[in-house]
Amino acid sequence: MHIIVRNAKCQGHARCWSQAPDIFKLDEDGYILPGNINVAERDEFLALRGARSCPERALEIDRSSDHITNDGVS
Amino acid sequence: MVGDFSLFTSPGMQRIPNGDPHEAVARVHAGPPIFYSPDNTRDGRGTWLITRAKDQRQVLQDPETFSSNRSIFASALGDDWPLIPLELDPPAHGVFRSLLNPLFSPKRVIALEPSIRARAITQVEKISASSNSCEVMKDFAIPFTVGVFLHFLGLSDERLDMFVGWANRLLHGDKAQRSAAARAILEFIDELAALRRKEPADDFMTFIVEAEIDNRSLADKEVRGIGVLLFVAGLDTVAAALGFDLAHLARNPKDQELLRSEPERIVLATEELLRAYSTVQMIRVATKDVDFEGAPIRKGDYVSCATMIANRDPVEFENPNTIDLAREDNRHTAFACGPHRCLGSHLARREIIIALEEWLSRIPHFRIKEGTAPITYGGHVFGIENLVLDWS
Ligand code: SF4
């Protein structure tokens, strides 16, 4: 599973980070770092919860396994 | 297109004993997604009123069409300067947000936590040592939140009463009291800025007078816009939320018991309380004519996005009028959304969590004191007064 991060939409609510600080990393201002997030299977529950907590809809859940990122945190 | 609902004049919005203004606003969801509310600001101006969470999100995420530039505070004084960053639009808004964000970041709030908690403990212990009952707003919620704010500004608690007096007159006074209070706040901020220019300290105002944007220091007007906003924003919103939360727990013994026996639930429960008892109405100004869901919004029209309405939207929240302290996936907008997401949101959240934790661990089972009735009201910032709790 991947989380597509739409940085332009992030307004620094930090809700994702508060659910899963190891998955959703913030910058010094509290806005999410750029780059889509590659989620390991064991982290999926928390990642989903974090993504669903974003009031801006800046985090999109992507289940197409062919999606490739190289900056995952898993 | 004209509706008969207003946050100021509708049933449940005036000061009434034992009211539930949040439930009263929820009735707009039976009506259209947008309508014109002829008397929906403090000075009786009309606004378009957006009821659905999804539409409010669209408005608040689109500052180009829906501007924040209103100079409300200054216009009450016959001046014209914006509260910063609240009344700025992009791109100027972003410049000031970048300057201020680090001061209010989640990390910064973690660093502030011990002193906030110590303050809460002192306050609650003073109450529990002296009585079996108290008026929560006056004895706890206001001194605690204003105290946190004064400390943040770098001021001592001695001024607390003076500040609370200004705040009360600014928010609830008549026109003359409001502008007198606004003047007093303004003079205070200007003087504090002048003092910190001469005698820097390790505090917020020193940071502001020494700050640079685009390789220049801030103009007096900008220092003032930031200082006054911080003052106004930090004053009553968190206290009001805390009042509604404690009133809820007093009236719902099961919820109170749940948080008492499992205090680790307080963090999640706070999100539900923020959702259910949101306190702020946001207003935007249309920068051009737009048709919104069939409504002819014209350039210059006011558009209201009331958080307490979005957060009771049944499309967004299952059973929105049921307060479920274990609710998950709670994407409420108590702190708004879009670029103007409340700068102080992380601090405010933490204050509420800490206050509930320390209150519940030090005050035994409490209820509304028999023979008393809390008074609630609607308006720009919803509030509660005369909240007498009793644990005898
Ligand atoms: S919850 Fe959304 S807005 Fe908030 S930090 Fe995460 S991505 Fe950004």
Side-chain angles (χ1 to χ4, degrees), chain A residues 1-65 67 71-74, chain B residues 53-54 56-58 60-63 85 90 93-111 267-268 270-272 274-275 278 305 307 310-311 313 316-317 327-350 353:
Chain A
M1 187 181 89
H2 291 85
I3 309 275
I4 299 169
V5 176
R6 309 218 183 279
N7 284 90
K9 279 199 154 180
C10 172
Q11 300 295 353
H13 293 258
R15 302 311 300 145
C16 54
W17 168 83
S18 75
Q19 303 274 355
D22 296 332
I23 300 173
F24 302 98
K25 304 259 161 90
L26 306 182
D27 66 16
E28 285 302 305
D29 289 0
Y31 291 64
I32 197 159
L33 291 176
N36 295 345
I37 298 168
N38 194 3
V39 181
E41 230 175 276
R42 65 185 141 76
D43 289 337
E44 283 196 2
F45 178 77
L46 270 180
L48 280 173
R49 181 137 282 169
R52 282 204 218 104
S53 71
C54 178
E56 308 286 349
R57 310 300 193 266
L59 303 171
E60 192 186 314
I61 296 154
D62 177 19
R63 292 203 170 272
S64 61
S65 51
H67 186 92
D71 52 0
V73 287
S74 53
Chain B
K54 142 176 110 43
Q56 285 199 11
R57 195 160 61 240
Q58 189 187 330
L60 295 172
Q61 288 181 337
D62 179 6
H93 171 261
V95 173
F96 284 95
R97 270 306 274 245
S98 304
L99 176 70
L100 297 172
N101 270 329
L103 301 178
F104 293 90
S105 70
K107 259 195 206 154
R108 180 86 183 99
V109 171
I110 292 173
V267 172
L268 188 68
T270 295
E271 296 307 318
E272 175 67 347
L274 280 164
R275 178 192 74 81
S278 306
C305 293
T307 57
N311 288 337
D313 180 351
E316 193 90 352
F317 303 98
R327 191 187 289 269
E328 298 276 5
D329 301 338
N330 197 341
R331 287 189 277 196
H332 67 78
T333 49
F335 297 109
C337 63
H340 289 277
R341 184 266 308 166
C342 169
L343 178 60
S345 64
H346 307 302
L347 179 61
R349 247 187 187 108
R350 214 57 225 165
I353 292 167

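Lettering of chains follows the sequences in order, A, B, ..., and the numbering in each one begins at 1.
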For the residue pair B:Arg275 and B:Phe317, would you count it as a cation-pi contact if the rule is NZ or CZ under 6.0 angstrom from the ring centre and within 45 degrees of the ring axis?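 B:Arg275 over B:Phe317 ring: yes.
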Under 4.5 Å from any heavy atom of chain B, what part of [X] do you find: side chain, backbone, both or neither?
X	answer
A:Cys54	backbone
A:Leu48	neither
A:Arg52	both

Within the 4.5 Å heavy-atom criterion, are B:Glu316 and B:Arg57 side-chain neighbours or not? yes
In the structure I gave you, are the side-chain heavy atoms of B:Glu328 and B:Leu268 within less than 4.5 Å of one another anywhere?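 When only atoms from C-beta onward are counted, B:Leu268 and B:Glu328 do touch, with a gap below 4.5 Å.
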Heavy atoms only, distances under 4.5 angstrom: which of B:Ser98, B:Gly338, B:Cys342, B:Ser345 has the most pairs with chain A? Name it, please.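 Max contact count across the listed options: B:Gly338.
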Which atoms of [X] come close to chain A, meaning under 4.5 Å heavy atom to heavy atom: side chain ones, backbone ones, both, or neither?
X	value
B:Gln58	neither
B:Arg108	neither
B:Ala336	backbone

Full working for salt bridge (charged side-chain N to carboxylate O under 4.0 Å, His left out) between B:Glu272 and B:Arg327: CA-CA 7 Å; B:Glu272 175 67 347; B:Arg327 191 187 289 269; 3.0 Å; yes
Counting heavy-atom pairs under 4.5 Å with chain B, which one of A:Gln11, A:Arg49, A:Gln19 comes out on top?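 Going by pairs under 4.5 Å, I would pick A:Gln11.
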Which residues pass the side-chain contact (heavy atoms from CB on, under 4.5 Å) test with A:Glu60, not counting sequence neighbours? A:Ile4, A:Arg6
Return the set of residues passing ring-ring contact (aromatic ring centres under 6.0 Å, His included) with B:His340 (not counting sequence neighbours), or none when no residue passes.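 Result, ring-ring contact (aromatic ring centres under 6.0 Å, His included) vs B:His340: B:His93.
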